[in-house]
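Working notes for the structure below.
Order of the sequence lines sets the chain letters (A, B, ...), proteins ahead of strands, with each chain counted from 1. Hydrogens, waters and symmetry mates play no part in the numbers below; they use all other heavy atoms, side chains included.
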Number of protein chains: 2
Amino acid sequence: MRRALTTYARRGLHGQTVEVIARRILAGEIAPGATLDITALQAELDVSLTALREALKVLAAKGIVDARQKRGTFVRPRADWNLLDGDVIRWQFAEGADPRLLDKLHEVRSIIEPAAVRLAAGRATDDDLAALDGALDEMAAAKGRPAAAVAADLSFHRALLAATHNELLERMEVVMETGLAERDRLVHGGEPHDDPVPSHRAVVDAIRARDATAAETAMRGLLEKAVRDVEKVRGQKGNR
Amino acid sequence: MRRALTTYARRGLHGQTVEVIARRILAGEIAPGATLDITALQAELDVSLTALREALKVLAAKGIVDARQKRGTFVRPRADWNLLDGDVIRWQFAEGADPRLLDKLHEVRSIIEPAAVRLAAGRATDDDLAALDGALDEMAAAKGRPAAAVAADLSFHRALLAATHNELLERMEVVMETGLAERDRLVHGGEPHDDPVPSHRAVVDAIRARDATAAETAMRGLLEKAVRDVEKVRGQKGNR
DNA sequence: CTGTCAAGATGTATTACTAATTAATGATTA
DNA sequence: TAATCATTAATTAGTAATACATCTTGACAG
């Protein structure tokens, strides 16, 4: 169930080139509308023009930059960025990330997941249910190990989206993924958690019982708990 | 309100290279797991290796191919494709497209939009409302001109997503966009349509009145009508 | 004021080459 | 025999120098 973290190729000697430029743009260091000084970048990053161009091609594919003859290569307005791209979401969490991004991710999640469990209740196969059970087991086994707990949480939500049998919804995992991971990163360090297994099991039980409404209710419970957890941590950290 | 159709750069002499390879893969002509014969492609498309590699870099950025040294450049499993990318969605409608894709797009739309109007009812600014009114005017003016009607429809749904003030939801436009366009393409040719303005205006009125529930109801009405329209056409075309 | 055309800047493409990576193979050793 | 390590070969990654194509600007003509 493990998969590559990035979609673009990051292999090779200068595989970080994309990453470096992307982070600068997403962090606002290079503002939308600004034209990139290719020659300077080339000198600074110490790569050939071809390698640099390939990196910019990746960013162009994600709607972040655009190259126009005579005008140069410039950063596109933020509205054009493929914010639903996993890489783009991850890059935004680099450093001085807007903390509201987490809220936006959660908002999307709280729209998608209740609807997803309804669909899953109607469509889940035995395999899907087995995958959900597996995620619950993983979650139980991860008790006390934060990293494993995050992984188990992700497995659960991925299995849930897969059970909708709509590949577009399944792809929403990229939105959930970073959101869940960042939330967990934020929340851990607080007091020890309640056992997450029962609340998650309630969702699976409802899906298995083909009870869409119960599944949705259970899911909304999970989402509310997530909000409370984050609020608690933020309150501790000076109510910002 | 007009924007570029593609995110990747399609300018230049061999700008179609990406498109050609993408369509072949998305149409299933080159199956997931298959390795691409770079040399053959280069000869066939009559482009230099560098140009071809830049094209493949775009596809890699969208999760469609992956290049590994010694193993070659191969098509990734469909589950890894960035299906939420506007280009990827559009490419799928090229030729022998799976007609169920339209249903999947509609399913996502029918999850997102009712939730979006609720948020819009709470958050829409005067500018947002003006944009929605503008789209209604556009729709009224487009009577009898299918292309203009589609454009107006898109403007409306874009304005709606923008009124949620969540940039991630706003980006869902790429999912709606092709879905709406394809649906309209399918539906036109049937009998002349009822005036779409009143049903859309009901949504705007409810948002203006800050009535989230009424807005959601009106939106669900629109979505149901969309389903009926498509079903009618499919029924005519031999109930496939 | 408007349309046309030329100049030049800049991205786009080509070519030919070297370097890095890694699966597979075969040799060596415990 | 079985495990490990070095070699090889295939293929992508990266470099560099040069030529091509195209877009924008601005001058000029109508």
Side-chain angles (χ1 to χ4, degrees), chain A residues 2 4-22 25 30 32-76 80 87, chain B residues 2-22 25 30 32-77 80 87:
Chain A
R2 139 184 76 172
L5 262 161
T6 61
T7 54
Y8 68 93
R10 206 188 34 187
R11 269 169 285 279
L13 199 56
H14 294 293
Q16 317 164 16
T17 308
V18 190
E19 206 99 355
V20 170
I21 303 173
I25 296 174
I30 309 175
T35 64
L36 302 176
D37 185 339
I38 305 292
T39 331
L41 271 178
Q42 197 188 330
E44 187 195 339
L45 303 176
D46 192 34
V47 292
S48 70
L49 181 61
T50 313
L52 182 55
R53 276 176 57 86
E54 287 187 350
L56 291 171
K57 212 84 183 175
V58 170
L59 296 181
K62 295 181 188 297
I64 293 172
V65 303
D66 195 8
R68 300 280 272 275
Q69 295 187 358
K70 172 73 185 172
R71 291 210 304 193
T73 302
F74 55 88
V75 180
R76 294 178 73 168
D80 289 346
D87 295 322
Chain B
R2 142 184 71 172
R3 52 182 67 211
L5 262 161
T6 60
T7 56
Y8 67 95
R10 206 188 34 188
R11 269 169 285 278
L13 198 58
H14 295 293
Q16 318 164 19
T17 309
V18 189
E19 206 101 354
V20 171
I21 303 173
I25 296 175
I30 310 176
T35 63
L36 303 176
D37 186 338
I38 306 293
T39 331
L41 270 177
Q42 195 188 336
E44 188 194 340
L45 303 176
D46 193 33
V47 291
S48 70
L49 182 60
T50 312
L52 182 56
R53 277 182 33 195
E54 286 189 351
L56 290 172
K57 211 84 182 175
V58 170
L59 295 182
K62 295 181 187 298
I64 294 172
V65 302
D66 195 6
R68 299 281 273 275
Q69 295 186 158
K70 172 71 185 177
R71 290 212 302 195
T73 301
F74 53 90
V75 180
R76 293 177 73 169
D80 289 345
D87 295 322

B:Lys62: partners by side chain to side chain donor-acceptor pair (under 3.5 Å), with sequence neighbours left out: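 Scan of B:Lys62 (side chain to side chain donor-acceptor pair (under 3.5 Å), adjacent residues dropped) gives B:Thr7, B:Asp85, B:Asp87.
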For B:Arg11, side chain to side chain donor-acceptor pair (under 3.5 Å) partners two or more places apart: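 For B:Arg11 the side chain to side chain donor-acceptor pair (under 3.5 Å) partners, ignoring immediate neighbours, are A:Asp66.
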Donor-acceptor contacts under 3.5 Å from residues 14-21 of chain B side chains, at least two apart:
from, atom 1, to, atom 2, distance (Å)
B:Thr17, OG1, B:His14, O, 2.7
B:Glu19, OE1, B:Tyr8, OH, 2.0
B:Glu19, OE2, B:Arg23, NH1, 3.2

side-chain contact (heavy atoms from CB on, under 4.5 Å) partners for B:Pro32, two or more places apart: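 By the side-chain contact (heavy atoms from CB on, under 4.5 Å) rule, B:Pro32 matches B:Val75, B:Trp81.
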Results of side-chain contact (heavy atoms from CB on, under 4.5 Å) for A:Ala22 - residues two or more places apart only: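 A:Ala22 satisfies side-chain contact (heavy atoms from CB on, under 4.5 Å) with A:Leu59, A:Trp91 once adjacent residues are dropped.
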Rounded to the nearest Å, what distance is computed from the [atom1] atom of residue [X] to the [atom2] atom of nucleotide [N]?
X	N	atom1	atom2	value
B:Arg11	D:dT24	CZ	C1'	14 Å
A:Arg68	C:dT10	CZ	C1'	13 Å
B:Arg71	C:dA23	CZ	C1'	9 Å
B:Phe74	D:dA10	CZ	C1'	15 Å

Interface with DNA chain D, restricted to residues 36-53 of chain B and to heavy atoms under 4.0 Å: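 When residues 36-53 of chain B is checked for heavy atoms under 4.0 Å from DNA chain D, the hits, listed by number, are B:Ile38, B:Arg53.
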Sub-4.0 Å heavy-atom contacts from residues 59-67 of chain B onto DNA chain C, ordered by number: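 By residue number: none to list.
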Nearest non-hydrogen partners of B:Ala9 and A:Ala60, listed with the distance: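 That would be N-CB, 4.4 Å.
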Pairs under 3.5 angstrom, nitrogen or oxygen only, protein versus nucleotides 7-9 of chain C, please.
from, atom 1, to, atom 2, distance (Å)
C:dA9, O4', A:Lys70, NZ, 3.4

Selection residues 33-43 of chain B - residue pairs positive for salt bridge (Lys or Arg N to Asp or Glu O under 4.0 Å), sequence neighbours left out: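 For residues 33-43 of chain B: none.
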A:Lys57 NZ to A:Thr73 OG1 distance, which is reported to the nearest 0.5 Å: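 It is 9.5 Å, given to the nearest 0.5 Å.
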Distance below 4.0 Å between B:His14 side-chain N/O and C:dT14 OP1 or OP2: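 B:His14 to C:dT14 OP1/OP2: side-chain N or O found under 4.0 Å.
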Which pairs of donor and acceptor atoms, one on a side chain in residues 45-53 of chain B, lie under 3.5 Å apart (sequence neighbours left out)?
from, atom 1, to, atom 2, distance (Å)
B:Ser48, OG, B:Ala51, N, 3.3
B:Arg53, NE, A:Glu54, OE2, 3.4
B:Arg53, NH2, A:Glu54, OE2, 3.4

